Protein chains: 2
Amino acid sequence: MSKSKRLMEMIIAVNRKRRFTVKELAIEFDVSTRTILRDLQELSELGVPLYSEVGPHGGYRILQERLLPPIAFTEREAVAVFFAVQALRHYSSLPFETETSAMLNKFYNFMPEDVRNRIDQMRDRVDFVTPVRQAQSPHLSVLLDAAIRQIVLLVEYVSQRQRGMREIQPIGIFTQDGLWYCWAYCLLRKTYRVFRCDRFESAVPSDSQPLDLQHIDLGSKDQLTRSADDCVYFHAELSAEGVEACEAEPWSVPLLHVRSDGTGWLEGNVARKDISYFASYFVGLGREAAVQQPKELRTAIRQLLSDLMVRYMDKDAE
Amino acid sequence: MSKSKRLMEMIIAVNRKRRFTVKELAIEFDVSTRTILRDLQELSELGVPLYSEVGPHGGYRILQERLLPPIAFTEREAVAVFFAVQALRHYSSLPFETETSAMLNKFYNFMPEDVRNRIDQMRDRVDFVTPVRQAQSPHLSVLLDAAIRQIVLLVEYVSQRQRGMREIQPIGIFTQDGLWYCWAYCLLRKTYRVFRCDRFESAVPSDSQPLDLQHIDLGSKDQLTRSADDCVYFHAELSAEGVEACEAEPWSVPLLHVRSDGTGWLEGNVARKDISYFASYFVGLGREAAVQQPKELRTAIRQLLSDLMVRYMDKDAE
DNA sequence: TTTAACTATGACGTAATTTGTCACTATTAT
DNA sequence: ATAATAGTGACAAATTACGTCATAGTTAAA
């Protein structure tokens with residue numbers, strides 16, 4: 001094998017192993033250790049950040065958790081990656097530390113002139129809008145780490161009206177509409193729950209014994225949250241606009257049925273405790289929805305409507 | 001310079017220029033043309049997709065619009081890119097052709113074992129949720145291309161109740177809540193407008209003379225859409241929950257004011273023709289909002305409320 | 001304290017490779 | 001035709017790469 005080829009392959013090998021000895025490489029490439037040493041020095045000069053320690057258990061390492069080997073992107077792929085990263089820029093919190101701007105630059109600088117121009121032209125003409133929220137979510141990386149390592153966290157959570165400590169075992173985190181949520185098993189209530197990440201005041205690892213939830217992840221969410229609670233059958237008719245509005249609500253998608261003319265209906269079982277939420281939701285849909293079932297929901301809607309009626313009546317009656 | 005180093009630099013050089021002659025490189029690297037020829041052959045063998053044409057104006061090209069820069073990603077950057085691309089996977093339409101899954105694999109396969117494991121653990125524990133819509137937007141790339149090249153399109157657009165041809169000059173496209181929108185200058189109405197991309201039945205370049213809008217891009221949107229039309233002053237009080245709900249609506253963000261206790265208000269001028277939209281929006285906010293001004297809006301809300309009252313009254317009265 | 005497992009460097013001769021030059025051929029736009 | 005390109009082959013000279021051996025330094029562990 002030619003030297004150049006050996007060097008190129010060595011870059012890859014060195015990045016795959018992150019730790020290796022000279023002897024090891026010598027055997028792998030079937031050259032003498034002296035040659036490997038010379039090669040490694042050359043790689044260093046070429047900019048591969050190598051670092052070595054002498055002594056037993058010493059050896060070479062690649063520095064700074066660094067350097068994935070040269071990856072060949074097509075132009076399309078490069079553009080896609082560029083915009084994917086751009087799409088993240090609206091998020092004020094992310095679970096991994098992002099030198100995204102640094103890396104965008106790196107990406108950008110390596111591209112040939114014409115691709116660069118193309119990107120320049122596109123960058124202000126394509127956008128992925130996400131609501132920018134006031135609320136920060138500073139504990140994302142702790143939560144994610146706990147989900148990965150399956151450990152229990154002791155958190156201080158501020159819900160609607162109360163604030164309290166509880167223990168949770170995170171399953172995963174997700175973002176929607178500009179807010180981050182954590183889906184976790186709550187050791188207090190002994191059930192799965194969704195928490196808003198900006199409402200954690202603190203989150204620290206706890207000593208409590210975790211459950212074995214390795215096989216549970218965000219993909220299991222739908223199954224596990226569906227069944228529970230005290231349910232009631234529910235049916236609402238939707239206009240075409242109503243259908244479109246419901247498509248935007250994750251909870252409603254599994255219940256949604258669409259007719260060929262664009263209209264549709266929602267049908268399924270929902271938890272009784274969510275009725276006040278639904279009342280407000282369907283009032284929001286206005287003329288685009290008509291709830292048929294259950295009676296409780298229609299009652300709640302009527303109640304809400306008359307409350308609002310009062311609110312919007314008084315002052316203008318003057 | 002050693003041959004290996006020359007080869008590595010040559011890979012970069014060759015990717016930067018996309019077209020070059022042997023002589024050119026010979027001068028750049030200060031070696032003979034014979035050497036360059038040999039080097040290029042070697043690069044070919046190493047997998048760089050080169051292609052050559054003889055004759056005047058001939059020369060070498062790099063094929064398949066490929067980029068092989070030895071980009072060095074840190075682990076963090078790699079993870080960020082991976083998830084950025086993952087975040088795009090919810091979009092059913094994108095303005096560039098995405099072999100995203102192919103490219104994710106490429107990325108994935110190049111990473112060392114441990115990074116791979118880390119990603120495996122994360123991939124089902126982090127998600128970027130975006131509503132999945134029925135509506136496809138097949139003309140995105142045409143629209144984007146028109147925005148970049150500043151040309152006029154003849155489109156067939158289906159709005160609420162009518163369908164018609166019109167000429168537009170796209171400024172840019174953006175996605176929000178799972179739908180794609182195109183912001184464009186409408187030659188028919190002589191004004192800027194937002195179109196829903198899934199409602200374009202067709203879009204083809206037109207011969208009409210484009211306006212000079214080079215300096216206008218998505219960043220200019222706020223300024224240019226603010227002023228127009230017949231406006232009316234508007235004021236609504238919000239509870240803390242109401243504030244959070246308004247943060248999610250892009251139009252309301254510039255009007256939003258937050259007090260230290262979390263409550264707030266919306267204040268500003270809005271177009272009179274949007275009143276029915278606002279009525280429905282504020283009814284949707286229910287008890288979390290109270291519109292003070294203008295009277296027209298309060299009237300529209302009352303009207304909507306009584307319509308709904310009727311809808312939810314009759315049947316249960318039985 | 002010794003030993004073994006590492007890296008690190010220098011010197012040197014031989015083997016291998018790289019390089020430039022020169023002499024060709026072939027293709028194609030002008 | 002001419003000039004600008006790529007592409008090949010051969011050969012000698014120059015350069016580089018390689019292995020071996022000698023030697024030294026560091027450090028964890030026995």
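Fair warning: this is a prediction, and the values are worked out from it, not measured in the lab. Residue numbers begin at 1 in each chain, while the letters A, B, ... track the order of the sequences.
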Item to check | Rounded distance (Å) that lies between atom P of C/dA8 and atom CG of A/Leu43 | outcome: 13 Å
Checklist entry - Of the nucleotides C/dA8, D/dG25, D/dA3, which has the atom closest to the B/Pro56 side chain? => result D/dA3
Item to check | Parallel, tilted or perpendicular: ring planes of B/Trp180 versus A/Phe128, cut at 30 and 60 degrees | outcome: perpendicular
Checklist entry - Over how many whole Å does the gap from A/Lys3 atom NZ to D/dA17 atom C1' extend? => result 7 Å
Checklist entry - Do B/Glu42 and A/Lys5 meet the salt-bridge criterion of a basic N to acidic O distance under 4.0 Å? => result no
Checklist entry - Expressed in angstrom and rounded to an integer, what is the separation of B/Glu42 atom CD from C/dT19 atom C1'? => result 13 Å
Checklist outcome for this item: Rounded to whole Å, CZ of B/Phe29 lies from C1' of C/dG20 at a distance of 18 Å
Item to check | Phosphate contact (C/dA8 OP1 or OP2) by A/Tyr60 side-chain N/O below 4.0 Å | outcome: yes
Next on the checklist: Output the rounded distance in Å from CD (B/Gln41) to P (C/dT18).
Outcome noted: 12 Å
Checklist outcome for this item: Whichever of A/Gly58 and A/Ser2 has the more 5' nearest nucleotide on DNA chain C, that residue is A/Gly58
Checklist entry - Hey, does B/Val14 have a side-chain heavy atom less than 4.5 Å from the side chain of B/Leu50? => result yes
Checklist entry - Considering heavy-atom distances to DNA chain D, does B/His57 or A/Thr33 have its closest nucleotide positioned more toward the 5' end? => result B/His57
Checklist outcome for this item: Of A/Arg34 and A/Glu53, the one whose nearest nucleotide on DNA chain C sits closer to the 5' end is A/Glu53
Checklist entry - Just how far, in rounded Å, is C1' of D/dT5 from CZ of B/Arg61? => result 13 Å
Checklist outcome for this item: With the side chain defined as heavy atoms from C-beta on, A/Thr35 is closest, among D/dA6, D/dG19, C/dA8, to D/dG19
Checklist entry - Below 4.0 angstrom from OP1 or OP2 of D/dT5, is there any side-chain N or O of B/Thr21? => result no
Checklist entry - Would one find a side-chain N or O of B/Ser52 under 4.0 angstrom from OP1 or OP2 of D/dG7? => result yes
Checklist entry - Could you give the CG-to-C1' distance, from A/Leu7 to D/dT16, as a whole number of Å? => result 13 Å
Checklist entry - Using a cut-off of 4.0 Å on non-hydrogen atoms, how would the nucleic acid contact of B/Gly55 be classed: base, sugar-phosphate, or nothing? => result base
Checklist entry - Can you find a donor-acceptor N/O pair under 3.5 angstrom joining the side chain of A/Arg38 to the base of D/dG19? => result yes
Checklist outcome for this item: To the nearest angstrom, the CG-P distance between B/Leu37 and D/dG9 comes to 12 Å
Checklist entry - Once the angle between the rings of A/Phe195 and A/Phe200 is folded into 0 to 90°, is it parallel (under 30°), tilted (30 to 60°) or perpendicular (over 60°)? => result tilted
Checklist entry - Is it true that B/Glu53 and B/Arg61 make a salt bridge, defined as a side-chain N closer than 4.0 Å to a carboxylate O? => result yes
